[in-house]
Chemist: 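My questions all concern the structure below.
Both counts, for ligands and for their atoms, begin at 1 and track the order of listing.
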Amino acid sequence: MLVSGAAFGEDAREARGKALYEEHCAACHQFDGGGVPMMQPELIDKPRANGPIGGVIDMILFGSAAMKPTDEDYSNEMPSFAHLSDKDIALIATYVRTHFENNGGYVTSDDVRDRRPRN
Ligand code: HEC
């Protein structure tokens, strides 16, 4: 990466978040965040997409098997994306929280690092 963190502007961060979402999440949650009935939820105004930042970070870090199931039953299982960097997870989480009719706050790399298990 040639650009420094400070030079990595808002538009570039949003474009990178979108690209990462489309690479890792859109196959299941769809490009518009609409999900697929019975298989995986939409991400539009959902508690763990738009609520406290820990919800979406934990979903990405731990996947659905480690998280409390929601009221609805979805046949698919969401894998863990813990192998992605704190920064990439933060960009994806921010993208989810600022698109699909969501208006949640930004997520930083530090927010993600704080929620990784320590051992
Ligand atoms: C293989 C399919 C699949 C992939 C890929 C996937 N998910 Fe999921 N996701 C699911 C399923 C299934 C659930 C529902 C889990 C449950 O509640 O039992 C879910 C739930 C969620 C939720 C919670 C929604 C709510 O109801 O509050 C969020 C947020 C989320 N996913 C974000 C993401 C993000 C961001 C990515 C990409 C890094 C991603 N998912 C990739 C299948 C997937």
Side-chain angles (χ1 to χ4, degrees):
M1 175 81 60
L2 291 169
V3 272
S4 74
F8 203 51
E10 201 52 49
D11 289 351
R13 294 196 329 139
E14 169 159 353
R16 175 91 175 123
K18 183 174 195 282
L20 287 163
Y21 174 86
E22 290 179 352
E23 180 182 349
H24 298 292
C25 322
C28 285
H29 293 289
Q30 307 297 296
F31 287 85
D32 64 356
V36 179
M38 313 303 290
M39 294 183 73
Q40 49 269 325
E42 59 180 17
L43 300 180
I44 301 166
D45 200 19
K46 290 295 236 167
R48 283 180 287 178
N50 207 24
I53 55 170
V56 63
I57 295 172
D58 287 358
M59 267 328 284
I60 298 171
L61 279 178
F62 305 119
S64 58
M67 301 287 287
K68 279 207 186 80
T70 57
D71 297 343
E72 297 151 277
D73 274 333
Y74 296 103
S75 59
N76 239 336
E77 190 164 301
M78 178 168 160
S80 157
F81 292 88
H83 57 282
L84 298 180
S85 68
D86 293 344
K87 185 174 169 190
D88 283 356
I89 291 175
L91 289 170
I92 297 172
T94 298
Y95 180 76
V96 167
R97 293 171 62 76
T98 54
H99 290 78
F100 318 139
E101 299 172 35
N102 295 328
N103 53 10
Y106 282 60
V107 175
T108 67
S109 303
D110 284 350
D111 293 331
V112 177
R113 188 177 324 119
D114 286 348
R115 300 192 75 86
R116 282 196 192 264
R118 313 211 184 283
N119 43 31

Chemist: Hey, what do you get for CG (Leu84) to CD1 (Ile89), rounding to the nearest 0.5 Å?
Modeler: 5.0 Å
Chemist: Quick one: look at Leu20 and ligand 1, take heavy-atom pairs under 4.0 Å, and tell me if it's side chain, backbone, both or neither.
Modeler: neither
Chemist: At their closest point, which heavy atom of Ala65 faces which heavy atom of Glu77, and how far apart are they?
Modeler: CB-OE2, 3.7 Å
Chemist: List the atom pairs, with distances to 0.1 Å, where a side-chain N or O of residues 21-28 and a protein N or O form a donor-acceptor pair under 3.5 Å, not counting sequence neighbours.
Modeler:
| residue | atom | partner | partner atom | Å |
| --- | --- | --- | --- | --- |
| Tyr21 | OH | Gln30 | O | 2.8 |
| Glu22 | OE2 | Lys18 | NZ | 3.0 |

Chemist: Flag the pair Glu101 / Leu43 as yes when at least one side-chain heavy-atom distance between them is below 4.5 Å, and no otherwise.
Modeler: no
Chemist: Has ligand 1 got any nitrogen or oxygen that is less than 3.5 angstrom from a nitrogen or oxygen of Asn76?
Modeler: no
Chemist: Where do Asp86 and Ser109 come nearest, in terms of heavy atoms and distance?
Modeler: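 What the structure gives for the nearest pair is CB-O, 3.8 Å.
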Chemist: Tell me whether ligand 1 is touched by Ala27 - counting only heavy atoms on the residue side and a distance under 4.0 Å.
Modeler: no
Chemist: What part of Cys25, side chain, backbone, both or neither, has a heavy atom within less than 4.0 angstrom of ligand 1?
Modeler: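 It is both parts that get close, each with some atom under 4.0 Å.
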Chemist: State the atoms of ligand 1, each with its element, that fall below the 4.0 Å cut-off from a heavy-atom position in Ile60.
Modeler: 35 (C)
Chemist: What atoms in ligand 1 come closer than 4.0 Å to a heavy atom of Tyr74?
Modeler: 12 (C), 14 (C)
Chemist: Hey, which atoms in ligand 1 end up nearer than 4.0 Å to a heavy atom of His24?
Modeler: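 Numbered from 1, ligand 1 contributes 5 (C), 37 (C), 41 (C).
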Chemist: Have a look at ligand 1 and work out which part of Ile92, if any, has a heavy atom under 4.0 Å from it: side chain, backbone, both or neither.
Modeler: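 The side chain, only.
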Chemist: Under 4.0 Å from a heavy atom of Ser64: which atoms of ligand 1 are those, numbered in the order shown and with their elements?
Modeler: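 Reading through ligand 1 atom by atom, the close ones are 15 (C).
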Chemist: Considering the heavy atoms of Pro41, write down every atom of ligand 1 situated less than 4.0 Å from one of them.
Modeler: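 Counting from 1, the qualifying ligand atoms are 11 (C), 13 (C), 14 (C), 19 (C), 20 (C).
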Chemist: Return the OG1 to CZ distance between Thr94 and Arg16, rounded to the nearest 0.5 Å.
Modeler: 13.0 Å
Chemist: Are Asp111 and Thr108 side-chain neighbours, meaning at least one heavy-atom pair lies under 4.5 Å?
Modeler: yes
Chemist: Report the part of Met59 in contact with ligand 1, treating N, CA, C, O as backbone and CB onward as side chain, heavy atoms under 4.0 Å; options are side chain, backbone, both, neither.
Modeler: side chain
Chemist: Does Met39 approach ligand 1 within less than 4.0 angstrom via side chain, backbone, both or neither, non-hydrogen atoms only?
Modeler: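 For Met39, only backbone atoms sit under 4.0 Å from ligand 1.
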Chemist: What pairs of donor and acceptor atoms, side-chain ones from residues 49-62 against any protein atom, are under 3.5 angstrom apart with sequence neighbours left out?
Modeler:
| residue | atom | partner | partner atom | Å |
| --- | --- | --- | --- | --- |
| Asn50 | OD1 | Asn103 | N | 3.0 |
| Asn50 | OD1 | Gly104 | N | 2.9 |
| Asn50 | ND2 | Asp45 | OD1 | 3.2 |
| Asn50 | ND2 | Asn103 | OD1 | 3.3 |
| Asp58 | OD1 | Arg115 | NE | 2.8 |
| Asp58 | OD2 | Arg115 | NH2 | 2.9 |

Chemist: Identify the heavy atoms of His99 and Tyr95 that sit nearest to each other, and give their distance.
Modeler: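 The answer is ND1-O, 2.8 Å.
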Chemist: So is His29 polar-close to ligand 1, meaning N/O to N/O under 3.5 Å?
Modeler: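 Looking only at distances, the answer is yes, because the N/O contact criterion of under 3.5 Å is met.
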